[in-house]
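Ligands are counted one by one from 1 in listed order, and the atoms in each one are counted from 1 as well.
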Amino acid sequence: MKRIIAPKGTKDIFPPEIAKWHYLEEKLRDYFPRFMYKEIRTPIFEHIELFQRGIGTETEVVQKEMYTFKDKANRDLTLRPENTASVVRAAIENDLFNRVYPLRFFYIGPMFRYDKPQKGRFRQFHQFGVEVFGDESAQVDAEVIYSSYDFLKEINVRDIQLHLNSVGCENCRPNFLKHLRTESEKRMKELCVDCQKKIYTNPLRIFDCKNLKCIEISNDFPKIIDYLCKECGTHFEEVKEALSIFKIKFNLNPRLVRGLDYYTKTAFEITSSQLGAQDALLGGGRYNNLIKELGGADISGMGFAAGIERIILQLDDVKHKKDKMIFIAYQSLPLMNKAIQLAKSLWDKGYCVYVDYNLKNLKKQLKKANKIGIDYTFIIGEDEIVNESISIKSMKNYEQITIKQEELDKWLINNI
Ligand code: HAM
């Protein structure tokens, strides 16, 4: 019979990697509420129109990457490729915008994009992200950027770079796009077929092209930063100033246009030099028109989303109390109660401990510890009781040491 395997671009997660997921989830649930974010969970599928209108029909995501299907009532539903549009939809539908500010949400969950799988790029991937509604200040942009950057630092992701740009607004972008179109038309023949089409559909997307020749050519194209209106220019200056208060360094990156159409003003990404082609750990920015465009009030938004799989690739092994298994062996039956006492004290501290109440013989207990893949066996014998000590045998290299009972906590911290 043909073996059934997981769909392309998806993956199973199990130990030891799962420990990194738990670590990340615990950390972010501790970190983001500090900034007054409250968790929101939205459905995994939505009506297709939400993403068409929210993300933009000319984006790669909507054109090529959406998982859309018909349900039994012939509705077109889409597995969410991102969560900003969904959070906005949920806030409009549940009348959240009429509540008292600050309206700040964070989320975590699976997203779906039909793209060619490669390292750091999946068809089902996971994001966590935040959205702030109703705050137009440049300072909140800086705060959101800071929290995303600082969180990566807090979980020890190294070699990260922050890229910053402004993509302007409906007042200044059309003029920029006109100039961009004129310049790109002049070099049209040298651009790839996709970029040639983008000249007329969405020229900003030319900057997203990964084709080296297109990158080289578009480096000479006008930069949006030189076309910002007064309001966007002032906002951008204030964002940079506020970032300096948070003391984080950034690269001004005129090519950073983001892959989704809803952005206005601030756009940012954090990349890692250790990731290769898919180097964006997270990205986001301001979206001042999305809520209105999706049928809500004229309220601004700002946020980011991070790719969890990409962050996991960058995380050091997580030491978790429950990753290592301890077996407590007793030399003779009268010492079993001592073993239980020791096990209880370790369970109370959160360690993963096993006692076998049936095997009275020490040798058999050690054999069992070996068989079930135990990391350390703690041995309680007559000598240990007299000397108030514990013997610890590594089941990986069979080395044995004896320590004083009062040294046990220190040993556990260093070894488990
Ligand atoms: P995005 O840049 O499309 O933004 O995605 C954010 C992050 O999700 C990326 O930086 C990347 O780490 C991860 N990601 C995207 N696609 C994949 C994939 N196929 N496989 C693995 N990871 C992936 C958004 O989604 C916006 N909603 C962010 C936002 C929130 N803007 C404002 N608020």
Checking side-chain polar atoms at under 3.5 Å, does Asp316 have a donor or acceptor matched by the opposite partner on Asn156? no
All heavy atoms of Pro81 vs all of Phe125, minimum pair found to be O-CZ, 3.9 Å
side-chain contact (heavy atoms from CB on, under 4.5 Å) with Leu313: of Lys119, Gln278, Gln274, only one passes, and it is Lys119
Can you list the atoms of ligand 1 that are under 4.0 Å from a heavy atom of Gly284? 31 (N)
Checking side chain to side chain contact (heavy atoms under 4.5 Å, CB included) for the pair Arg255/Asn219: CA distance, chi angles, key distance, verdict? CA-CA 8 Å; Arg255 300 189 60 90; Asn219 273 339; 2.9 Å; yes
Hydrogens and angles aside, do Ser389 and Thr402 bring a side-chain donor and acceptor to less than 3.5 Å of each other? no
Could you tell me if Glu136 and Asn288 have a donor-acceptor pair between their side chains, going purely by distance under 3.5 Å? no
Can you report which non-hydrogen protein atom sits closest to atom 31 (N) of ligand 1, along with the distance? Tyr263 OH, 2.6 Å
Closest protein heavy atom to atom 5 (O) of ligand 1, given as residue, atom name and distance to 0.1 Å: Gln127 NE2, 3.2 Å
Glu131-Tyr287 side chain donor-acceptor pair, cut-off 3.5 Å: yes
Are any of the N/O atoms in Tyr107 less than 3.5 Å from those in ligand 1? no
the protein heavy atom lying closest to atom 24 (C) of ligand 1 turns out to be Leu260 CD1, 3.5 Å
Arg123 to Tyr114, cation-pi by 6.0 Å centre distance and 45° axis angle: yes
Using distance alone, with no hydrogens and no angle criterion, decide if Asp135 and Ser300 have a side-chain donor and acceptor under 3.5 Å apart. no
Using the ring of each side chain (for Trp, its six-membered ring), is Phe112 parallel, tilted or perpendicular to Tyr67, with breaks at 30° and 60°? perpendicular
Side-chain contact, heavy-atom cut-off 4.5 Å: Ile225 with Ser166? yes
Of all protein heavy atoms, the one nearest atom 20 (N) of ligand 1 is Phe122 N, 2.9 Å
Please determine whether any non-hydrogen atom of Glu309 lies less than 4.0 Å from an atom of ligand 1. no
Taking heavy atoms and a distance under 4.0 Å, where does Tyr287 meet ligand 1: side chain, backbone, both or neither? side chain
Taking a cutoff of less than 4.0 Å between a non-hydrogen atom of the residue and any ligand atom, is Gly120 in contact with ligand 1? yes
Which atoms of ligand 1 have any heavy atom of Gly283 under 4.0 Å away? 10 (O), 28 (C), 29 (C)
So which heavy atom in the protein is nearest atom 27 (N) of ligand 1, and how far is it from that ligand atom? Glu82 OE1, 2.6 Å
Closest approach of any protein heavy atom to atom 2 (O) of ligand 1, naming residue and atom: Arg258 NH2, 2.9 Å
Sub-3.5 Å N/O-N/O distance, Phe125 and ligand 1: no
Closest approach of any protein heavy atom to atom 26 (C) of ligand 1, naming residue and atom: Tyr262 OH, 3.3 Å
Could you tell me the residue and atom name of the protein heavy atom closest to atom 7 (C) of ligand 1, and the distance to it rounded to 0.1 Å? Ala305 O, 3.6 Å
Geometry only, no angles: is Gly307 polar-contacting ligand 1 at N/O separations under 3.5 Å? yes
Taking non-hydrogen atoms only, is Glu131 closer than 4.0 angstrom to ligand 1 via side chain, backbone, both or neither? side chain
Look at the aromatic rings of Phe304 and Phe32 and report parallel, tilted or perpendicular, splitting at 30° and 60°. tilted
N or O contact, Met302 vs ligand 1, cut-off under 3.5 Å: no
Taking the six-membered ring for Trp, are Tyr149 and Phe268 closer than 6.0 Å centroid to centroid? no
Geometry only, no angles: is Ala306 polar-contacting ligand 1 at N/O separations under 3.5 Å? no
Using 30° and 60° as the class boundaries, would you call the ring planes of Phe69 and Phe45 parallel, tilted or perpendicular? perpendicular
Could you say whether the N/O atoms of Thr84 and ligand 1 ever approach to under 3.5 Å? yes
Look at ligand 1 and say whether Leu282 reaches it with a heavy atom at a distance under 4.0 Å. yes
Below 4.0 angstrom from a heavy atom of Ala280, which ligand 1 atoms are there? Numbered from 1 as shown, please. 10 (O), 11 (C), 12 (O)
Considering only heavy atoms, does Arg121 approach ligand 1 within less than 4.0 Å through its side chain, its backbone, both, or neither? both
